[in-house]
Participant: 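Quick one: the structure is below, and I'll ask about it shortly.
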Amino acid sequence: MSRASLFIPLTVFVLLAVVLYAGFGLNDAHVLPSALLNKPFPKFSLPRLDASTSPLPAQQVSEAAVKGSVHLVNVWGTWCPTCAAEHPTLMRLAQEEGMAIIGVDYKDDAEAARAWLQQRGNPYTITVVDAEGTLGLDLGVYGAPETFLVDAAGVIRFKWVGDMNERVWREQFKPRLAAIRSASRS
Amino acid sequence: MNKTTRPAQLLVILMLMMTCAFAHAGIDAFDFKTPADEARYRNLIDELRCPKCLNTNLSGSDSPIAADLRKEVHRLVTDGQSDDEIRTYLVDRYGDFILYRPRLSLWSGALYAAPAVLVLVGFGVIGAMVRRTRRNATVGAADPAAQARLDQLLKQHVE
């Protein structure tokens, strides 16, 4: 056996060790990668959460609402404490960064949702009531809060499971948003 | 039961009743058109993973998302969707991870085959090495003079 080939097992071991060690830093096992990346936002038809208790039937919202410009779609509920924690960040994104955020009130009570938004402020351009969780199911939602980045064509480009905070915005969303915007300009 | 007292008997019955109650805790009351449908449903919820509590299947999980997904599987089964169609429906929304039995693809096939392939490669390497040493060993025996000297040396040193 030549001298050089004696090093093959060692090299293989080192390569394996590097790859496997890198695996430790990969995705948190509790976060499922989204099956919907680069797929169109699912079709839906759900009632809008109105600001007042109007006796008229609520306006229906469809997936057309996410098209036309880049949107964040935030899945939340009044029963979800983390959603309360991320709320100030969403308010800032809506007011200071000019982000258009669509809220999906997931498996929640519409009355409680109205009161919740009244109390804390409403960062959403539109809030959709997903009482049965049908849109959530189509989106692969398994726990709130979840935030989707949707481009102007209505294609889901990114999904974040967990609270939206400044660090997540800076590290995960801002670069992707910039990439989408520059791609659409070219 | 002759020697046990009435209170003791009642206590045993009560305890047995309580265990029965626990056994029913996770079962949803779904209606099925045929027993075949029900069997398909039970099979599917056993092999689908709860997306939230990752080490439980849908049948064993108490989480709300598992309840929602069981309801959805029931709806799809009674709708007449085949097992494969139902699996595809869920994988489209939740990804491959929702299946306990991952579907065979290029990557998963390669992953399963890799250990066997590595073992075969190992055997191949060993085989090549053995063949080489055997070849080297027979070279020395061709020279009788050297062999005689070797035998003599061995006799001297082995004693």
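A, B, ... follow the sequence lines: proteins, then strands. Residue 1 opens every chain.
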Participant: Count the heavy atoms of every other residue, nucleotide or ligand shown that sit under 6.0 Å from CZ of Arg149(B), and state whether that count exceeds 12.
Facilitator: no
Participant: Quick one: pull up SG in Cys50(B) and OH in Tyr142(A) and give me the separation to the nearest 0.5 Å.
Facilitator: 10.5 Å
Participant: Gly95(B) and Ala35(A): which non-hydrogen atoms are nearest, and at how many Å?
Facilitator: N-CB, 3.3 Å
Participant: Could you check if a side-chain atom of Leu137(A) sits within less than 4.5 angstrom of a side-chain atom of Tyr89(B), using non-hydrogen atoms only?
Facilitator: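 When only atoms from C-beta onward are counted, Tyr89(B) and Leu137(A) do touch, with a gap below 4.5 Å.
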Participant: Kindly compute the distance separating CD (Glu72(B)) from OG1 (Thr134(A)), expressed to the nearest 0.5 Å.
Facilitator: 9.0 Å
Participant: With the side chain counted from C-beta on, respond yes when Val141(A) and Ile65(B) share a heavy-atom pair under 4.5 Å apart, and no when they do not.
Facilitator: no
Participant: Around Asp31(B), counting heavy atoms of other residues, nucleotides and ligands shown, do more than 12 lie under 6.0 Å from its CG?
Facilitator: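 For Asp31(B), atom CG is not crowded (no more than 12 foreign heavy atoms under 6.0 Å).
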Participant: Is Leu177(A) reachable from Met91(A) through a run of I, L, V, M, F, W or Y residues, each pair having side-chain heavy atoms under 4.5 Å apart?
Facilitator: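 Different hydrophobic clusters.
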Participant: Taking the side chain as every heavy atom from C-beta outward, state whether Asp68(B) and Glu132(A) have any pair of such atoms under 4.5 Å apart.
Facilitator: no
Participant: Less than 4.5 Å apart, side chain to side chain, heavy atoms only: is that true for Arg93(B) and Leu36(A)?
Facilitator: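 The answer is no; the side chains never approach within 4.5 Å.
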Participant: For Lys43(A), look at atom NZ and say whether over 12 heavy atoms of other residues, nucleotides or ligands are found less than 6.0 Å away.
Facilitator: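 Result for NZ/Lys43(A): open.
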Participant: Check the hydrophobic clustering (I, L, V, M, F, W, Y; side-chain heavy atoms under 4.5 Å; chains of links allowed) and say if Trp79(A) and Val104(A) are grouped together.
Facilitator: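 Hydrophobic grouping puts Trp79(A) with Val104(A).
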Participant: Are Val66(A) and Val155(A) connected in the hydrophobic side-chain network, where two residues link if heavy atoms are under 4.5 Å apart?
Facilitator: no
